[in-house]
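The model shown is predicted, which means the values in this text are computed figures rather than measured ones. The analysis underlying the following values was restricted to heavy atoms, covering all of them including side chains, and did not include hydrogens, waters or symmetry mates.
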Amino acid sequence: MLAALPLAAACTQTPGTPPEQGLVAFRIPAISLTVGSDPVATALASTASHLADPAARLARRPAVAAQVAAQYEFATEALREPRVVGLSPLAQPQMAAGRVALRRAIGIAADAPPREATAQLSALAGALDRGDLEAAERVLRGPVFVRPPAEVLATLSALPPVPEAARAAAFADQQLNRAVPMSSCA
């Protein structure tokens with residue numbers, strides 16, 4: 001019997017992990033099987049938790065802050081996919097508005113393509129997690145970031161509250177995880 005993968009409110013991926021991978025519970029290499037979480041649910045739970053109180057959960061943790069921002073970017077786009085059904089029609093527009101505010105707070109170009117922003121934030125998170133400041137600076141000099149590297153790093157080390165993003169992530173997380181009532185089938 002497999003135990004359910006706990007998706008604690010404060011869990012997030014290891015910095016540098018592409019958000020579309022979700023959380024890996026375990027791997028069985030002999031049969032090429034990986035068991036893990038749904039990446040959209042993981043991203044929403046992580047962002048909702050961390051952005052609810054960034055001063056307590058992200059202070060002096062720039063790698064985690066960059067990973068959370070990558071997860072937010074990923075989730076915002078993923079909610080537009082047809083496989084995500086049954087959510088309030090307000091969830092995706094709220095996430096998109098929250099993304100604008102989060103990008104502004106961090107120093108990400110407003111017109112950056114979402115996939116590129118996600119990839120660059122993940123790369124930044126991985127470089128920071130490894131302590132590779134040279135690699136982090138290379139990422140920060142790319143077209144996704146519009147502020148000087150030192151300013152972005154300082155912001156990620158002390159991410160200010162971004163209420164629009166926090167509310168949107170919490171709402172989308174609640175929508176994704178609400179109990180779906182059983183309808184009577186005739």
Side-chain angles (χ1 to χ4, degrees), residues 10-24 36-37 39-40 42-81 92-170 172-173:
C11 71
T12 193
Q13 299 168 305
T14 301
T17 305
E20 62 272 11
Q21 289 184 4
L23 293 172
V24 174
S37 68
V40 178
T42 298
L44 288 173
S46 177
T47 59
S49 174
H50 285 91
L51 294 177
D53 190 0
R57 297 186 176 127
L58 296 172
R60 295 176 304 283
R61 298 175 70 198
V64 176
Q67 186 68 30
V68 167
Q71 289 180 293
Y72 193 97
E73 286 279 343
F74 165 75
T76 301
E77 287 305 297
L79 290 179
R80 298 175 63 190
E81 296 175 6
Q92 205 288 324
Q94 285 180 359
M95 288 289 290
R99 175 172 54 195
V100 170
L102 188 58
R103 283 181 172 195
R104 189 177 319 119
I106 294 171
I108 297 171
D111 62 350
R115 285 187 181 183
E116 188 175 339
T118 301
Q120 293 301 297
L121 284 162
S122 290
L124 176 61
L128 292 171
D129 193 53
R130 293 186 309 275
D132 188 345
L133 293 179
E134 187 176 305
E137 294 233 353
R138 274 194 308 274
V139 172
L140 289 167
R141 286 191 188 100
V144 167
F145 297 95
V146 295
R147 293 192 188 139
E151 190 175 325
V152 174
L153 290 174
T155 299
L156 290 171
S157 291
L159 190 68
V162 184
E164 303 93 329
R167 281 191 303 270
D173 182 46

I need the [X] [atom1] to [Y] [atom2] distance, nearest 0.5 Å.
{"X": "Ile108", "Y": "Glu116", "atom1": "CD1", "atom2": "CD", "value": "11.0 Å"}
{"X": "Thr17", "Y": "Gln71", "atom1": "OG1", "atom2": "CD", "value": "8.5 Å"}
{"X": "Phe74", "Y": "Leu44", "atom1": "CZ", "atom2": "CG", "value": "9.0 Å"}
{"X": "Arg104", "Y": "Arg147", "atom1": "CZ", "atom2": "CZ", "value": "9.5 Å"}

Indicate the atoms forming the closest heavy-atom contact of [X] with [Y], along with that distance.
{"X": "Val40", "Y": "Ala78", "value": "CG2-CB, 3.5 Å"}
{"X": "Met95", "Y": "Ala75", "value": "CE-CB, 4.0 Å"}
{"X": "Pro114", "Y": "Glu73", "value": "CA-OE1, 3.8 Å"}
{"X": "Ala125", "Y": "Pro15", "value": "O-CB, 3.5 Å"}
{"X": "Ile106", "Y": "Val152", "value": "O-CG2, 3.6 Å"}
{"X": "Tyr72", "Y": "Ala169", "value": "CE1-CB, 4.0 Å"}

Side-chain contact, heavy-atom cut-off 4.5 Å: [X] with [Y]?
{"X": "Leu153", "Y": "Leu128", "answer": "yes"}
{"X": "Ser122", "Y": "Pro19", "answer": "yes"}
{"X": "Leu156", "Y": "Leu124", "answer": "yes"}

Might you confirm whether atom CD of Glu81 has over 12 heavy atoms from other residues, nucleotides or ligands at distances under 6.0 Å?
yes
Tell me if a side-chain donor or acceptor on [X] pairs with a main-chain N or O of [Y] at a distance below 3.5 Å.
{"X": "Arg57", "Y": "Ala52", "result": "no"}
{"X": "Gln67", "Y": "Gly16", "result": "yes"}
{"X": "Ser46", "Y": "Thr42", "result": "no"}

Check step by step if salt bridge (charged side-chain N to carboxylate O under 4.0 Å, His left out) holds for Glu77 and Arg99.
CA-CA 10 Å; Glu77 287 305 297; Arg99 175 172 54 195; 2.9 Å; yes
